[in-house]
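These notes concern the structure reproduced below.
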Amino acid sequence: MRGRRGFIQIAILHLLKEEPMHGYQIMKELEERSNGAYSASAGTVYPALQELLERNLIELDTETDKKVYSINDNGEKRLEEKNKFIEGDFWIEWKERMTWRNSEESMQLRAAMNRWEQEFRKAMKQTRGNPKGVLELIAFIDEMTERLKKNVK
């Protein structure tokens with residue numbers, strides 16, 4: 001599972017472990033469990049549900065008025081695997097992560113990262129056909145990676 005959508009998928013699996021739900025119910029529960037810090041949208045939840053279906057981690061009951069999703073054995077196993085990496089209660093982690101995502105510090109970091117990515121793309125473009133420039137760029141990235149490892153704890 002990838003990045004942000006991966007965390008949403010794990011949250012969905014946690015909800016479906018509690019009880020089968022339809023999409024709108026899932027969106028409301030995700031928002032409620034974050035104390036409003038996360039506003040679930042159909043554009044996020046339904047693609048996550050589709051991917052969970054494709055990966056055979058959930059099942060869809062179309063016999064009812066609404067499409068109702070439920071976790072299956074594969075989904076339960078996946079949830080157990082992912083829970084090994086989460087200390088404590090998942091929903092506390094969920095709320096903290098969603099609150100952080102909306103914080104001023106998080107927005108500043110994302111803006112700085114966007115600026116960095118733009119400059120990195122320019123630097124990559126400038127190194128085309130320049131083996132020495134590529135090696136210098138790699139050395140720069142390696143140096144910044146090491147600095148992050150040492151200084152950000």
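Nothing here was measured: the structure is a model prediction, and the numbers come from that model. Sequential numbering from 1 along the given sequence is applied to the chain's residues.
- With hydrogens and angles disregarded, no donor-acceptor distance shorter than 3.5 Å links the side chain of Asn72 to the backbone of Glu59.
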Please determine whether ring pair (Phe, Tyr, Trp, His ring centres under 6.0 Å) holds for the pair Phe140 and Phe120, giving the CA-CA distance in whole Å, both sets of side-chain angles, and the decisive distance to 0.1 Å. CA-CA 11 Å; Phe140 171 76; Phe120 179 70; 8.5 Å; no

Set out, in order, the CA-CA distance, both residues' side-chain angles and the distance that settles side chain to side chain contact (heavy atoms under 4.5 Å, CB included) for Tyr69 and Ile12, then state yes or no. CA-CA 10 Å; Tyr69 300 89; Ile12 291 170; over 6 Å; no

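- Leu30 contributes atom CG, which lies 8.5 Å from atom CE of Met98 (distance to the nearest 0.5 angstrom).
- Within a 6.0 Å sphere centred on CD of Glu63, heavy atoms belonging to other residues, nucleotides or ligands number 12 at most.
- Following chains of ILVMFWY side-chain contacts shorter than 4.5 Å, one cannot reach Met113 starting from Trp100, and the two form parts of different hydrophobic clusters.
- A distance-only check finds no donor-acceptor pair linking the side chain of Asp61 to the backbone of Lys67 [under 3.5 Å].
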Where do Arg110 and Arg101 land on the side chain to side chain contact (heavy atoms under 4.5 Å, CB included) test, with the steps shown first? CA-CA 10 Å; Arg110 283 195 305 268; Arg101 194 180 96 178; 3.8 Å; yes

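- Salt-bridge check for Glu93 with Arg97: passed, with a basic side-chain N closer than 4.0 Å to an acidic carboxylate O.
- The side chain to side chain contact (heavy atoms under 4.5 Å, CB included) test applied to Tyr24 returns His22, Met27, Lys28, not counting sequence neighbours.
- Taking the side chain to side chain contact (heavy atoms under 4.5 Å, CB included) definition, one finds that Lys77 meets it with nothing, sequence neighbours left out.
- Within the model, atoms CD1 of Ile71 and CZ of Arg78 stand 11.5 Å from one another, a figure rounded to the nearest 0.5 Å.
- For Asp65, the CG atom is loosely surrounded, since the number of other residues' heavy atoms within 6.0 Å does not exceed 12.
- With Asn102 contributing its side chain and Ala37 its backbone, the two residues share a donor-acceptor pair below 3.5 Å.
- Between His14 and Trp91, the angle of the ring planes goes over 60°, which puts this pair in the perpendicular group of the 30/60° scheme.
- We find the CG-CG distance between Asp73 and Leu57 to be 11.0 Å, quoted to the nearest 0.5 Å.
- Interatomic distance, NZ of Lys125 versus CZ of Arg121, reported as 10.5 Å (0.5 Å rounding).
- Between Val68 and Pro20, the closest side-chain pair of non-hydrogen atoms falls below 4.5 Å.
- The minimum heavy-atom distance linking Val45 with Ala40 is given by the pair CG2-CB, 4.0 Å.
- Note on Ile138: it does not cluster hydrophobically with Ile141, by side-chain heavy-atom contacts below 4.5 Å among ILVMFWY residues.
- More than 12 heavy atoms of other residues, nucleotides or ligands lie within 6.0 Å of CE in Met107, so this atom counts as buried by the packing criterion.
- Under a hydrophobic-cluster definition in which Ile, Leu, Val, Met, Phe, Trp and Tyr are linked whenever side-chain heavy atoms come within less than 4.5 Å, directly or via other members, Ile10 and Ile92 are assigned to different clusters.
- Evaluation of the side chain to side chain contact (heavy atoms under 4.5 Å, CB included) rule for Glu19 yields Met21, Gln25 as partners, not counting sequence neighbours.
- Transitive grouping of hydrophobic side chains (ILVMFWY, heavy atoms separated by less than 4.5 Å) brings Leu79 and Ile58 into a common cluster.
- Separating the CG atom in Asn35 from the OG1 atom in Thr99 is a distance of 7.0 Å, to the nearest 0.5 Å.
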Side chain to side chain contact (heavy atoms under 4.5 Å, CB included) assessment of Lys122 paired with Glu119: CA-CA 5 Å; Lys122 287 179 192 174; Glu119 292 305 317; 3.2 Å; yes

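- Using a 4.0 Å cut-off between charged nitrogen and carboxylate oxygen, Arg33 and Glu18 count as a salt-bridge pair.
- Under a hydrophobic-cluster definition in which Ile, Leu, Val, Met, Phe, Trp and Tyr are linked whenever side-chain heavy atoms come within less than 4.5 Å, directly or via other members, Met144 and Leu109 are assigned to different clusters.
- Between Gln9 and Arg55 the shortest side-chain heavy-atom distance falls below 4.5 Å.
- Taking the six-membered ring for Trp and thresholds of 30 and 60 degrees, Trp94 and Tyr38 have ring planes more than 60 degrees apart, a perpendicular arrangement.
- Nearest approach of Ala48 to Ile8, heavy atoms of both residues: CB-CG2, 4.3 Å.
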Determine whether Leu13 and Lys17 satisfy the following criterion, side chain to side chain contact (heavy atoms under 4.5 Å, CB included), listing intermediate values before the conclusion. CA-CA 6 Å; Leu13 289 175; Lys17 185 171 181 169; over 6 Å; no

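- A distance of 12.0 Å separates CG in Leu52 from CG in Leu60, rounded to the nearest 0.5 Å.
- For Ser106 and Ser103, the side-chain atoms include no donor-acceptor pair closer than 3.5 Å.
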